[in-house]
Number of protein chains: 2
Amino acid sequence: MMMPATTRHDADFGQAKPPKSLKGDKPLILIVEDEDAIVTLLDYNLRSAGYDTAIARDGEEAVDLALTLEPNAILLDWMLPLRSGLEVCRHLRRFPETNEVPIIMLTARGEEQDKLRGLDMGADDYLTKPFSPQELLARLRAVLRRAQPARLKEILVFADIQMDQGSHKVTRGEASIVLAPTEFRLLRHFMQYPGRVFSREQLLDSVWGREKDVEPRTVDVHIRRLRKALNAHSESDVIRTIREVGYALDLP
Amino acid sequence: MMMPATTRHDADFGQAKPPKSLKGDKPLILIVEDEDAIVTLLDYNLRSAGYDTAIARDGEEAVDLALTLEPNAILLDWMLPLRSGLEVCRHLRRFPETNEVPIIMLTARGEEQDKLRGLDMGADDYLTKPFSPQELLARLRAVLRRAQPARLKEILVFADIQMDQGSHKVTRGEASIVLAPTEFRLLRHFMQYPGRVFSREQLLDSVWGREKDVEPRTVDVHIRRLRKALNAHSESDVIRTIREVGYALDLP
DNA sequence: ATTGGCCGTAACACAATCGTAACATTTACG
DNA sequence: CGTAAATGTTACGATTGTGTTACGGCCAAT
């Protein structure tokens, strides 16, 4: 019934038509960072990889440029003059123009508390300095790849995984996946926010519900069960562990 | 293999009132798209999956064919010559003949804003290019499932089960099934929305009626009685239990 | 009034699922 | 290397949801 022979061509679709944005055909990345050395590094790497860049030196400017340019993604340093990264993040999430723009936090090592609060505030992912250019680009690609508000969709798709909420069926490739109730809700939550990192506490809130009182480590067990079910007939693991932070749905 | 752009060769579309059912056995999908590569891919996949297809290259033709053929669903590219997808969408919603036809938008990445407007304009779902054939077919099934209520049909069919609403007769395979009134209404409801999951509360609403005050667990007992009747002479159980959610009619 | 079918409910049986702790492995870092 | 912390993995008792049965009430036809 399925035609695997055609899947190869699908990759061409995206390029077939030029993006109709007025910004140009390259994705625009807004860099929010005050250290020159890091700005130079980011700018160089992003431009080499075919992105357009814009640079903001402090929080005020960041909010300003974000609203003006509507970039495709934002790299946001956590330690800023005038306005902390947390404030900028929260601020940006208030405007419809910037509410959906993915934000990647840049944090120094040892700011784990901030990571969690940042993810709470609506950041999508984070990079710990120092980071490699490959890692930077990988995270960026992942963050740009995600679909729009999948929240209300009846059929959720991520990579070769499909979830039909109408019939409550999950498939991966050709195989049908059987999930226990909690596993189903967990996967649904991940697929509603593909690529986004969630802490154990966040998952307990949104998947288990606020009234439940459950150990954070319980999440690990359910992640394990979900992985087992999803990987039963395939090789690649689509759930990424982010040490000290949580889990995310992501391509390997 | 490249198929030339074909339109429908059936000759039996009457202008008479009962529109959709008499059109033929296969659902007809109208493809509105100007790029050959994508047309070919869509056409091939849809036909392989058992649909009939018709093709329009621009907005004018789209409205024309939609009114003439009254397809069961429309795949509508957002970027078109002559008339934008938005216009076509709005236009089609003005005519009673095409007002109910589900529309799936095809958008390139970076047109997310348009998606929202499109959904406002009456599109039912959207596909972001690039998409997999599997996703295409899944979304198509979903909109057809929603928009094509078997509700009005005199004879409902699911797998080897047939229900004649007029004579109140139910058969499975060769065997005739005798059902109590509530079991009949329950099965009818499932067969009107095959594959869809219903919670106990939903079933109480739609099968028992809103005014009744009945325990949710009562549904279980009737499910049991229905299963017993349906499985009396056959092996496979067509009613699937979705733990913590409800029940659905489904192939094993 | 009596019968028989149908219905709703409660009670019990059973299996799936869940949460947790304990142990194993990996990772970060000196 | 070696240690500590975090995550992976496993097993098991407890809980919960569903399957199943039985029973009493209702109603229509006899």
Side-chain angles (χ1 to χ4, degrees), chain A residues 107-113 115-116 126-132 135 168 170 177-188 197-205 207-232 237-248 250 252, chain B residues 168 170 177-187 197-201 203-205 207-232 237-248 250:
Chain A
T107 68
R109 196 177 304 149
E111 294 176 359
E112 279 78 22
Q113 288 302 334
K115 283 179 199 167
L116 289 176
Y126 72 91
L127 267 174
T128 304
K129 297 188 262 190
F131 48 83
S132 69
E135 187 179 3
H168 230 259
V170 178
I177 309 286
V178 182
L179 297 176
T182 305
E183 291 155 35
F184 185 91
R185 292 198 307 274
L186 186 57
L187 177 61
R188 181 177 58 194
V197 184
F198 295 99
S199 68
R200 293 174 176 74
E201 282 73 15
Q202 284 177 308
L203 291 172
L204 287 178
D205 271 3
V207 176
W208 274 255
R210 290 188 159 73
E211 68 283 359
K212 288 274 187 185
D213 189 28
V214 178
E215 293 290 319
R217 287 299 318 270
T218 301
V219 174
D220 297 29
V221 179
H222 283 272
I223 288 284
R224 143 86 173 153
R225 288 171 180 156
L226 181 54
R227 275 180 170 145
K228 194 171 170 185
L230 287 176
N231 300 341
D237 186 3
V238 291
I239 298 179
R240 177 165 61 105
T241 304
I242 297 92
R243 193 161 227 263
E244 303 196 37
V245 179
Y247 299 95
D250 195 7
Chain B
H168 257 235
V170 177
I177 309 287
V178 182
L179 296 177
T182 305
E183 291 155 35
F184 183 87
R185 292 199 308 275
L186 186 57
L187 177 60
V197 180
F198 296 99
S199 69
R200 293 172 175 75
E201 282 72 15
L203 291 172
L204 288 178
D205 270 3
V207 176
W208 273 256
R210 281 171 220 290
E211 68 284 357
K212 289 276 187 184
D213 188 28
V214 178
E215 292 290 318
R217 286 299 317 269
T218 301
V219 174
D220 297 30
V221 180
H222 283 272
I223 288 284
R224 143 87 173 154
R225 289 169 180 159
L226 180 54
R227 273 181 171 144
K228 196 171 171 185
L230 287 175
N231 300 341
D237 187 1
V238 291
I239 298 180
R240 181 167 55 110
T241 305
I242 296 96
R243 200 166 224 257
E244 290 191 333
V245 179
Y247 299 95
D250 192 16

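Since this is a predicted model, take the numbers as computed values, not measurements. Every chain is numbered from 1 and lettered A, B, ... according to where its sequence line falls, protein lines coming before strand lines.
- Near-neighbour residues of DNA chain D inside residues 213-225 of chain A, defined by a heavy atom below 4.0 Å, number-ordered: A:R217, A:D220, A:V221, A:R224, A:R225.
- Looking at heavy atoms from C-beta onward, B:R225 lies out of side-chain contact with B:L186 at the 4.5 angstrom threshold.
- Taken to the nearest 0.5 Å, the CZ atom of B:R240 stands 13.0 Å off from the OH atom of B:Y247.
- Counting only heavy atoms from C-beta outward, the side chains of A:T107 and A:L127 never approach each other to under 4.5 Å.
- A:R227 pairs by the salt bridge (Lys or Arg N to Asp or Glu O under 4.0 Å) definition with A:D237, not counting sequence neighbours.
- Within the 4.5 Å cutoff, the side chain of A:V219 has heavy atoms near those of the A:W208 side chain.
- Regarding contacts with the backbone of D:dG19, a side-chain N or O of B:T241 is found under 4.0 angstrom from either OP1 or OP2.
- The distance between atom CZ of B:R240 and atom P of D:dG19, rounded to the nearest whole Å, is 13 Å.
- Taking atom CG of A:L226 as the reference point, atom P of D:dT7 lies 17 Å away to the nearest angstrom.
- If you take CD of B:E211 and P of C:dG8, they are 12 Å apart, rounded to a whole angstrom.
- Here CG of A:L204 is found 7.5 Å from OG1 of A:T218. Values are rounded to the nearest 0.5 Å.
- The bend of the helix from C:dA1-D:dT30 to C:dG30-D:dC1, defined by the angle between the axes of its first five and last five pairs, stands at 30° to the nearest 10°.
- In this structure, A:L187 and A:L230 have side chains that are in contact, with non-hydrogen atoms separated by less than 4.5 Å.
- In this structure, B:L186 atom CG and C:dC6 atom C1' are separated by 15 Å, rounded to whole Å.
- No salt bridge links B:R224 with B:E183; every basic N to acidic carboxylate O contact stays at or beyond 4.0 Å.
- Contact annotation: B:W208 reaches the phosphate of C:dG8 (side-chain N/O to OP1 or OP2, under 4.0 Å).
- Closest-nucleotide positions on DNA chain D for A:R200 and B:I242 were compared, and the one nearer the 5' end corresponds to A:R200.
- Atoms CD1 (B:I239) and C1' (D:dG19) sit 13 Å apart, rounded to a whole Å.
- Atom CD of B:E244 sits about 9.5 Å away from atom NE2 of A:H168, to the nearest 0.5 Å.
- One finds a side-chain N or O of B:Y247 lying less than 4.0 angstrom from the OP1 or OP2 phosphate oxygen of D:dG19.
- Going from atom CD of B:E183 over to atom C1' of C:dG8 covers 13 Å, rounded to whole Å.
- Atom pair A:F184:CZ and C:dT17:C1' shows a separation of 16 Å (rounding to whole Å applied).
- Put simply, CZ on A:R185 is 13 Å from C1' on C:dG19, counting in whole angstrom units.
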